[in-house]
*Asks:* 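One structure, as structure tokens, below. Some questions next.
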There are 2 protein chains.
Amino acid sequence: MSKVRISSAGLTRFGKRKEGLLDLMCEVSEKVLEGDVEAVYVGCQNPEEFTGEANISTRVATWLGLTPRSAVRIENSSASGSAVFLQAFAAVKAGLFKRALVVAGEKMTHLPTARANAILSEVLSSRERELGMTMVSLGALVARRYMHDHGLTREELALIPVKNHRNGTMNPNAHFQKEITVEKVLSSRLIASPLTLYDVAPISDGAAAVVLEDKGSGPEVVGIGSGTENIGVVDRARYDSLAATIEAARQAFGMARLKPSEVDIAEVHDAFSILELINMEDLGLCKKGKAGDMLKSGDTEINGRLPVNTSGGLKARGHPVGATGLAQVCEIFWQLTGNAGRRQVDGAKIGITQNIGGFGCNNAVTVVRGG
Amino acid sequence: MSKVRISSAGLTRFGKRKEGLLDLMCEVSEKVLEGDVEAVYVGCQNPEEFTGEANISTRVATWLGLTPRSAVRIENSSASGSAVFLQAFAAVKAGLFKRALVVAGEKMTHLPTARANAILSEVLSSRERELGMTMVSLGALVARRYMHDHGLTREELALIPVKNHRNGTMNPNAHFQKEITVEKVLSSRLIASPLTLYDVAPISDGAAAVVLEDKGSGPEVVGIGSGTENIGVVDRARYDSLAATIEAARQAFGMARLKPSEVDIAEVHDAFSILELINMEDLGLCKKGKAGDMLKSGDTEINGRLPVNTSGGLKARGHPVGATGLAQVCEIFWQLTGNAGRRQVDGAKIGITQNIGGFGCNNAVTVVRGG
């Protein structure tokens, strides 16, 4: 079967945007489109409720003037951006399409924060919603468990948003482009103990796009996988690890015939600071409970042994939910092609992305090899 | 590349069901599941607004006990059932999964009809929604245009629901299982002139499922395609044909290396009676404007030359929007394997399905060959 390559990648500026969802998706699609495509793959978590737009794939095809090409929308809650990438990959691999546009986005900031958070929490299990749990309250429980089990301190946890905000200052598309300090994280507004404002990814608007094709010289998608776990967090065997990531990584590394130790650079889903460490461990990038040591030693900095979230991650780049997984792929594309500007990592050959759907229940992993 | 075969198919009873969406999807999945699957593909138009359930793919995987398997949700409005089938086909064809469960459903009847119709009309173009257009009003405009251009009478149009209701009496899963007459169609409540109650598919609950695999002896999916057209109906070159179907058929017949004249049996999207004729013509099953002649001559009856909608179609089987495209595939599976009971067509070898998304703007075609 043919190889599947990424020939171009683009992001809109993430943040509070005045434009609508379709504007953002078209803006970013026009950045990456050159020549014809045979299909449009659209990733979006919930345009029906965020912006009142249903039938989004046809809207995108119409607005881009791509009819009568094939168009489809893929949704896996906050992993919609990686899920749409996976399905487009499969279609190109299967020979259905030689060249496909993949575009993912979300428009959220126009809603009152309480309404946006209510929509976001619809992805939780019915029982946990009935109990009043929200995404961030589950994040706080997981943080407490991890800190207790693995001896991570509150100050160490704060190093994650500090690193990611620093990286964000070098990303012109990032929602936040200013440095923060550990002191600022600790003294910021308490959201759900122990998590404060700077431990939590923001509500953002934005869109990402790539073109996938069966030829060319772009970075090759060598491994891809996705896995699930019980939607109810209380029903899981453990809280300091996500089985869905472990399954997705097993598939992706198996397809790529690579080991986690061969990865040069990673973009992982830090919707809550603690998740960056959990995700690194679930990907096999270090042993269980040891990601904090890598963080403290500087290994995950841009100039470290294994840079993590050079883009700024969800925390600083922003988190327009449906776009995030595809934005991660864009960052890997730029790093592997030497186009990451001031945040460029030297000599990276193998990049990995890890994207979480819901509260860790539907996760995807992609492994990309540079040319 | 490996062939992709349908190894089993199932439907719930369609109609007004007291169970919830997940109940229906699990009921039908359990009918078709035997042994393990590597992925769950879920098709659904709008569970967020119909039932308040987001993250539906993970919910289905959890309820079926299939975690940590891959799960994804595909949405193309009322073509979600065919879109999810297409994406699962691509993934099996690409070798990502050897065996996949495809399940599609919708739960709609619990809402007041006005609310259900409002959700359904969200798939239209913004401009047409603002003008107060609804799905059925567009159906009425298209019917008038077709009748005027091609000399079809009101009585002839009524023959479509009469045929499909007759077929429905032989389908134990159909929403409606009673015969109607031309007189009854003509005297039923006017919905949007010239369409009356019996020209319009009902609001239904229900789910469909199939298992796709890369081996075995089940019917083979030999052709598949999907196409789009401008979401705004007024922006189209003509109203008596759907360009999205023509494009989807071009792809599907091209892949199958078959001609429309080789098709033995068809399931097409008769959401409004007039669409059955338009769809037949767009698929190339007859010349433009001539589908009415086939209907009148009995060619599309179960014992005719080219039976159309032996299941009862959307009109009599029912139209739980996200399920419909996959329910069409189930009917073809049963016909090609000799399991269609009292509505069995003799000797059918090649079956085709045609499913419409939105108002004809995102359509899919599947060609299946019997063993």
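Reminder, nothing fancy here: chain letters follow the sequence lines and each chain counts from 1. Being a predicted model, the structure only gives us computed values, none of them experimental. Computed from heavy atoms alone, side chains included, the values below leave out hydrogens, waters and symmetry copies.
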*Asks:* Counting heavy-atom pairs closer than 4.5 Å to chain B, which one of A:G65, A:S70, A:S77 comes out on top?
*Replies:* A:S70
*Asks:* Less than 4.5 Å to any heavy atom of chain B: does that hold for the side chain of A:I231, its backbone, both, or neither?
*Replies:*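 Interface part for A:I231: both.
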*Asks:* Using a cut-off of under 4.5 Å for heavy-atom pairs, which of B:G95, B:G227, B:A88 has the most such pairs with chain A?
*Replies:*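 With the most close heavy-atom pairs to chain A, the winner is B:G227.
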*Asks:* Once side-chain hydrogen bond (donor to acceptor under 3.5 Å, both in side chains) is applied, do any residues pair with B:E128, and if so which ones, sequence neighbours excluded?
*Replies:*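 Expected list: none.
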*Asks:* Do you know which of A:G52, A:A61, A:A71 has the most heavy-atom pairs under 4.5 Å to chain B?
*Replies:*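 The residue among A:G52, A:A61, A:A71 with the greatest pair count is A:A71.
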*Asks:* With a 4.5 angstrom heavy-atom cut-off, could you sort out which part of A:N230 is near chain B: side chain, backbone, both or neither?
*Replies:*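 Both parts, heavy atoms under 4.5 Å.
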*Asks:* Below 4.5 Å, heavy-atom pairs only: which of B:I56, B:N46, B:L86 has the largest tally toward chain A?
*Replies:*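 Of the candidates given, the most pairs with chain A belong to B:N46.
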*Asks:* Taking heavy atoms only and a threshold strictly under 4.5 Å, list by residue number the residues of residues 117-125 of chain B that touch chain A; give 'none' if the list is empty.
*Replies:*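 The stretch touches chain A at B:E122, B:V123, B:L124, B:S125.
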*Asks:* If I measure from the heavy atoms of chain B, does A:T62 come under 4.5 Å with its side chain, its backbone, both, or neither?
*Replies:*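 Contact with chain B: side chain only.
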*Asks:* If you tally heavy-atom pairs under 4.5 Å against chain A, which of B:C361, B:S80, B:A83 wins?
*Replies:*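 Answer, by heavy-atom pair count under 4.5 Å with chain A: B:C361.
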*Asks:* Just checking, any donor-acceptor pair under 3.5 angstrom between side chains of B:S2 and B:D214?
*Replies:*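 No pair is found: no donor N or O on one side chain lies under 3.5 Å from an acceptor on the other.
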*Asks:* B:N362 and A:T58: side-chain donor and acceptor closer than 3.5 Å?
*Replies:*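 A donor-acceptor contact under 3.5 Å links the two side chains.
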*Asks:* I'd like to check the side-chain contact (heavy atoms from CB on, under 4.5 Å) partners of B:S137; sequence neighbours left out, ordered by chain and number.
*Replies:* B:M133, B:T134
*Asks:* A:S126 versus chain B, heavy atoms under 4.5 Å apart: side chain, backbone, both or neither?
*Replies:*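 Both parts, backbone and side chain.
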*Asks:* Anything in residues 232-251 of chain B with a heavy-atom distance to chain A below 4.5 Å? Please list those residues in order.
*Replies:* B:E247, B:Q251
*Asks:* Quick check on the interface: out of A:N363, A:L66, A:T228, A:V92, who has the most heavy-atom pairs with chain B under 4.5 Å?
*Replies:*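 Result: the option with the highest number of such pairs is A:T228.
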